[in-house]
Amino acid sequence: MTEQLVPTVRTTFSTEDFARALIAAWRAIYVMLEQADDACVTPSKASCGVVWAQYALETGRGKSCWCNNIGNVKHVAGDGHDYCMLTGVWEIIGGKKVVFNPPDPQTWFRAYPSLADGMREHLEFLRKRYAAAWAEVERGDARAFVHALKTRGYFTGDEGVYTKNVVSLQAEFGRSGAYEAAIEALPAAS
């Protein structure tokens, strides 16, 4: 597969659109894995809340979601994904904030043609590369999810701040009604 630099396009969607895409991608993954009992084919509200909370934190509630990359996952040459470049990307390195600009590889982020593609890829990315964190998504445990991400180097910022924000955002998702609306709008799991 040829990887291409694509235009950097801001992609926005409602919380309900996000929930529908998440539930559909989750179901597709578990059906593919032939784990098709109702308990795992449809994610819980808490599980969806963990994924939405991470998205909301990583993208500033979607204001900085580019090319349907809901987790701000970086592109690495050879990973098989198209990518876009962002300006002003920063990381905490050696305790200091370091800013990167294109064409530095630190500014390369995966790009997907649709929310459905970005969602499926993000869930698979977590499930395969961050298995301990994925187990916490399945349980709906935001605190343990963040800790598992930090342990594996997913983010460089302060774990306490990341945790506080993800827990708060998970609760916000729970109050939003998006999960219930998505479940009602989607066909029943098969």
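The model shown is predicted, which means the values in this text are computed figures rather than measured ones. As a basis for the values below, the full set of heavy atoms in this structure was taken, side chains included, without hydrogen atoms, waters or symmetry mates.
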*Asks:* Does Arg129 have any salt bridge (charged side-chain N to carboxylate O under 4.0 Å, His left out) partners at least two apart in sequence or in another chain, and if so, which?
*Replies:* none

*Asks:* Quick check against the 3.5 Å criterion: does Asn101 have a side-chain atom that pairs as donor or acceptor with the backbone of Thr87?
*Replies:* no

*Asks:* Tell me, please, which residues at least two apart from Asp117 pass salt bridge (charged side-chain N to carboxylate O under 4.0 Å, His left out).
*Replies:* Arg120

*Asks:* Going by salt bridge (Lys or Arg N to Asp or Glu O under 4.0 Å), name the pairs with one or both residues in residues 139-166, residues two or more places apart or in two chains.
*Replies:* Glu136-Arg139

*Asks:* Check Phe173 against Gly49 and note the closest heavy-atom contact, atom names and distance.
*Replies:* CD2-CA, 3.4 Å

*Asks:* Would you please test Thr107 and Asp104 for side-chain hydrogen bond (donor to acceptor under 3.5 Å, both in side chains) and show each step?
*Replies:* CA-CA 6 Å; Thr107 69; Asp104 190 293; 5.8 Å; no

*Asks:* Can you sort out the partners of Trp66 under ring pair (Phe, Tyr, Trp, His ring centres under 6.0 Å), two or more places apart, ordered by chain and number?
*Replies:* none

*Asks:* Checking Asp79 now: which residues fulfil salt bridge (charged side-chain N to carboxylate O under 4.0 Å, His left out) with it, not counting sequence neighbours?
*Replies:* Arg110

*Asks:* What residues, two or more places apart in sequence or in another chain, satisfy salt bridge (charged side-chain N to carboxylate O under 4.0 Å, His left out) together with Glu16?
*Replies:* Arg20

*Asks:* Could you tell me whether the side chain of His75 and the main chain of Ala111 form a donor-acceptor pair under 3.5 Å?
*Replies:* no

*Asks:* Do the two ring centres, one from Phe13 and one from Tyr55, sit under 6.0 Å apart?
*Replies:* yes

*Asks:* Can you check whether Cys65's main-chain N or O pairs, donor with acceptor, with Thr59's side chain at less than 3.5 Å?
*Replies:* no

